[in-house]
There are 2 protein chains.
Amino acid sequence: MAPKTITLKDVAAVANVSRATAARALNSYGYVGEEAAARVLEAAEKLGYRGNRVAQALRHGQLPIIGFVPGDIQNPFFARIAHDLDVELRKHRYNLLIASSEEDVDQEKALLDNLRALNIRGFILAPTSGDDNQHIARLAKDGAPIVLIDRVAKDIQCDSILVDNEGGAKEAVDYLIANGHRRIAILQDDSRIFTAQERFAGYTKSLQEHGITVDKNLISVSRSTVKHAVDATIRLFSRRDRPTALFTVDSLMTQGALLGLRTMGLSVPRDVSLVGFDDFDLATFTDPQITVVAQPISRIGPLAAELILERIKGSQAAPRNTTFPTKLIIRGSVSNPQI
Amino acid sequence: MAPKTITLKDVAAVANVSRATAARALNSYGYVGEEAAARVLEAAEKLGYRGNRVAQALRHGQLPIIGFVPGDIQNPFFARIAHDLDVELRKHRYNLLIASSEEDVDQEKALLDNLRALNIRGFILAPTSGDDNQHIARLAKDGAPIVLIDRVAKDIQCDSILVDNEGGAKEAVDYLIANGHRRIAILQDDSRIFTAQERFAGYTKSLQEHGITVDKNLISVSRSTVKHAVDATIRLFSRRDRPTALFTVDSLMTQGALLGLRTMGLSVPRDVSLVGFDDFDLATFTDPQITVVAQPISRIGPLAAELILERIKGSQAAPRNTTFPTKLIIRGSVSNPQI
DNA sequence: TTTGCGTATGAGATCGATCTCACTTTTCGC
DNA sequence: GCGAAAAGTGAGATCGATCTCATACGCAAA
C-alpha cells in the first residue's frame with residue numbers, strides 16, 4: 001500500500017554517494033564537495049526525502065517535542081496557554097504534545113511515565129495535586145527540564161509561574177465585605193488542587209481579618225465544569241438563610257454560578273453579589289457585567305516557553321519562581337446586600 | 001547530571017542474561033525459563049526500567065501518537081473534540097499530539113510535514129482550506145490513516161465527519177425570514193474555510209428561495225476570535241440602513257457579535273435579531289438567551305477516534321463519510337423587526 | 001544408541017541517521 | 001618539487017529494542 005518511506009540510503013544511492021556524504025550535504029557540516037552536495041540535495045528534493053525524526057531522536061536521545069499537561073484542556077485558561085505555548089515553541093522547531101490530566105493524579109502519573117518513555121525534551125505541567133507529587137519530584141531529580149505553571153507542587157525544585165492566588169482571592173472577598181456582605185459563599189474545585197487551596201486561603205484570610213467566622217455550609221466543592229458548577233450553586237443557594245454573596249474560583253465555575261442563579265430566579269446583584277476568579281470573554285456581556293479577579297494570562301505561556309527553552313539549552317541556574325499579580329476588575333455584579 | 005537512562009542492556013546485565021532473553025521476559029513471547037524471567041522482571045523493577053519508545057518506534061516504524069490538527073485550539077468546539085479524542089485514544093494507549101494550524105494553510109502544511117517525519121500513527125484533521133490541499137491528498141495517497149473532521153477537503157479519499165452546515169445555516173436564516181426579516185447580515189470567518197463556505201451557502205440559499213437579493217454589504221468577514229468579531233460587528237452595524245438581523249457562523253463570533261452590539265447600544269432582539277451557529281455554555285445566560293444552531297459535538301470526537309483506530313488496524317474499507325444533522329434551538333434572541 | 005522434538009538461550013542483524021576514523025586526493029607554502 | 005595541511009569520501013560503529021537464526025540441552029520414542 002504505502003510506497004515505502006524514503007530513507008537517507010535511497011537519497012545516497014540516487015546521488016551516487018555514501019550515506020555519510022549524503023548526511024553531510026543535507027545537514028551541512030564537515031567537508032563535502034560542491035558537486036556532490038548539489039547532487040544530494042537534488043536527489044532529496046526529487047524523492048521527497050523527509051528525514052526520520054525517530055531515528056534522529058534515537059541517535060541524539062530526544063524527540064523535538066515538549067509535553068504540556070494541563071488540568072483540563074477545555075478550560076479556556078489552559079486552552080489559551082496551550083495556544084501561546086504552541087506559537088512560541090514552534091518558532092524553535094519544537095512540537096507541543098498536549099495531554100490533559102483531567103485533574104486526576106493517577107492519570108497524571110501515567111501520562112508522565114508515558115511522556116518520559118517518549119524521550120521528549122521537557123515538561124510544562126499544571127500539577128493536579130498540591131501534595132501527592134512524588135512522581136514530579138522524581139522527574140525533577142532526574143534532571144528533566146520542567147516548568148510548573150498555575151500551580152506548584154510542594155518541595156519540588158524547578159521553575160514555576162504562578163499568579164497571586166491568595167492575594168487575588170483576598171482582594172475579591174475584601175471587596176465583597178466592603179460592600180457590606182458577611183454571608184459570603186465560595187464555590188471551589190477539588191481542594192487537592194493547589195490554586196483551590198490558595199484561593200480558599202485568601203477567602204478565609206479575608207473573612208478572619210474582618211472578624212467573620214468561616215461557615216462550612218457556605219463552602220461548596222464541585223468539579224470545574226459549567227454543569228457541575230450549576231448544580232453546586234443550586235445546592236448552595238437552596239438553603240434557608242442563603243448567602244448574600246458568592247466568590248467563584250475559576251471562570252467555568254463563574255459561568256456555572258450565573259446559570260445556576262438564573263435557574264433559581266435569583267438576580268445578580270440584587271439578590272446575590274458575585275465575584276469570579278479569572279476573567280472571561282462574556283463577563284462584560286452578561287447583564288450585569290461580572291466583577292472578576294483577572295490574571296495576566298497572556299504572559300504565562302510565553303514565559304513558560306522561554307523558561308523551558310533555557311532549561312533545554314542546559315541552564316543550571318537556580319529555579320526561578322515568578323508570581324504575577326492579579327487585578328480586581330470592578331464591574332457591576334456586586335451591590336449592597338438586602339437586609 | 002541526570003543518572004543515565006536505564007536500558008534493556010542494563011536490565012539484562014543485572015539479571016545475568018542476554019538482551020534477547022530479557023526482551024522475551026519483559027514482553028512475554030517466545031521461550032523463557034521461569035527462573036530467568038523472574039530475575040529479569042525483578043531487575044527491571046529494581047532499576048526502574050521504562051523502555052524507550054523511540055527505539056521501539058524505530059524498530060516498528062511508528063510512535064504510539066496520533067496527531068490532531070484543529071483550526072484553533074482556543075475555539076471551544078475544537079477544545080471539546082480534543083478532550084474527547086484524548087479520552088478515547090488513551091484507552092488504546094495512544095497519545096494525542098495537538099498542533100493547531102491557526103487557520104493558516106502554510107502552517108498546516110509545515111505541521112503535517114513535521115508530524116509525518118515523526119512517524120506518528122494517524123492524523124485527525126480539520127483542514128483550513130477547502131481548496132488548497134495537495135498536501136493532504138499526498139498524505140492520503142501515501143496510505144496514512146486520516147480522518148477529516150468538521151471540514152472536508154475536495155477530492156480527498158478518506159473518512160470524514162461533518163455536520164450539516166448548509167442545512168443548519170439555511171434553517172437559521174429561514175427562521176429569521178419567517179420572523180419577518182429581510183435585511184439579514186452574516187458574520188463569517190475566512191471564506192477559504194470549508195464550514196464558512198457551506199454555512200454561507202445555506203445563508204444565500206435561504207435568501208434566494210425567499211426571493212431576497214444577497215447584499216454584499218451585509219456580508220462581513222472576520223477572523224474567528226471574539227475580539228475580531230466585535231470589530232466586524234461594529235462595522236456592520238454602523239451603516240445607515242443597518243441590518244435587522246444577524247447570523248453568525250460560530251460561537252466565538254456569536255459572542256463577539258453580542259459584545260459588539262452591546263457596545264453600540266443596540267439591544268437584542270429589540271433592535272437586532274440574532275441566530276448563531278454552534279451552541280455555547282453562556283447562550284442561556286445572556287439576556288435574552290441566544291437562539292442557535294446546535295451541533296452534536298459530543299459525538300464527533302468519539303467517532304473520529306473509532307474511525308482512526310480502525311484505519312490504523314489496517315482497515316481498507318471504502319471511506320466512510322458521516323454527516324450529523326444540526327438542530328435549531330429556539331430561545332429568545334429573535335423577534336419581529338421594527339419597521 | 002540414535003534420532004528428534006520441545007525448551008531455553010545468546011549472537012548478531014535490523015530499523016535510519018549520524019559520527020568517528022581512516023583513507024585518498026588536492027592544494028599550497030617554501 | 002616535495003611535504004604537510006586541507007578537502008573530500010566511505011566503511012563501519014552507534015543509539016535501544018526486537019527478531020531471526022543457530023545452538024545446546026534434556027528427554028522420549030525408535
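Worth knowing before you read on, the calculation uses all heavy atoms, side chains too, and leaves out hydrogens, waters and symmetry mates. To find a chain, count down the sequence lines: A is the first, B the second, and so on, and within it residues start at 1.
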Base, sugar-phosphate alone, or nothing: which one does [X] contact when heavy atoms must sit under 4.0 Å apart?
| X | result |
| --- | --- |
| A:Ala36 | sugar-phosphate |
| A:Gly51 | sugar-phosphate |
| B:Val17 | sugar-phosphate |

Out of the candidates B:Asp106, B:Thr128, B:Asp72, only one should pair with B:Ser101 under the side chain to side chain donor-acceptor pair (under 3.5 Å) rule; please name it. B:Thr128
What nucleotide, of D:dG10, C:dG10, C:dT18, holds the atom closest to the side chain of B:Ala20? C:dG10
Rounded to whole angstroms, how far apart are [atom1] on [X] and [atom2] on [N]?
| X | N | atom1 | atom2 | answer |
| --- | --- | --- | --- | --- |
| B:Arg53 | D:dC15 | CZ | P | 22 Å |
| B:Gln62 | D:dT18 | CD | P | 16 Å |
| B:Arg59 | D:dA17 | CZ | P | 12 Å |
| B:Leu8 | C:dA11 | CG | C1' | 15 Å |
| A:Leu63 | C:dG16 | CG | P | 16 Å |
| A:Tyr29 | D:dA7 | OH | C1' | 15 Å |
| A:Ile6 | C:dA17 | CD1 | C1' | 15 Å |
| B:Leu58 | D:dC15 | CG | P | 14 Å |

So does [X] get a side-chain nitrogen or oxygen closer than 4.0 Å to the phosphate oxygens (OP1/OP2) of [N]?
| X | N | result |
| --- | --- | --- |
| B:Tyr31 | C:dT7 | yes |
| B:Thr7 | D:dG16 | no |
| A:Asn52 | C:dC15 | no |
| A:Thr21 | D:dT9 | no |
| B:Gln56 | D:dG16 | no |
| A:Tyr49 | C:dG16 | no |
| A:Asn27 | C:dA17 | no |

Spacing of [atom1] belonging to [X] relative to [atom2] belonging to [Y], to within rounding of 0.5 Å:
| X | Y | atom1 | atom2 | result |
| --- | --- | --- | --- | --- |
| A:Leu162 | A:Arg151 | CG | CZ | 11.0 Å |
| A:Arg19 | A:Leu26 | CZ | CG | 13.0 Å |
| B:Ile124 | B:Ile81 | CD1 | CD1 | 9.5 Å |

In terms of side-chain geometry, is the basic nitrogen of A:Asp159 or A:Arg311 positioned less than 4.0 Å from the acidic oxygen of its partner? yes
Is the shortest distance from a Lys or Arg side-chain nitrogen in A:Lys91 or A:Glu88 to a carboxylate oxygen in the other one below 4.0 Å? yes
Checking only heavy atoms, does the side chain of A:Arg24 share a donor-acceptor pair with the base of D:dG10 at less than 3.5 Å? yes
Which residue, B:Asn16 or B:Arg19, contacts DNA chain C at a nucleotide closer to its 5' end, judged by nearest heavy atom? B:Asn16
Considering heavy-atom distances to DNA chain C, does A:His60 or B:Glu34 have its closest nucleotide positioned more toward the 5' end? B:Glu34
Among B:Val152, B:Leu139, B:Ile146, which one satisfies side chain to side chain contact (heavy atoms under 4.5 Å, CB included) with B:Cys158? B:Ile146
What are the residues of residues 112-123 of chain A, sorted by number, that bring a heavy atom to within less than 4.0 Å of DNA chain C? none
Can you give me the closest heavy-atom contact between A:Val17 and A:Ala36, atom names plus distance? CG1-CB, 4.3 Å
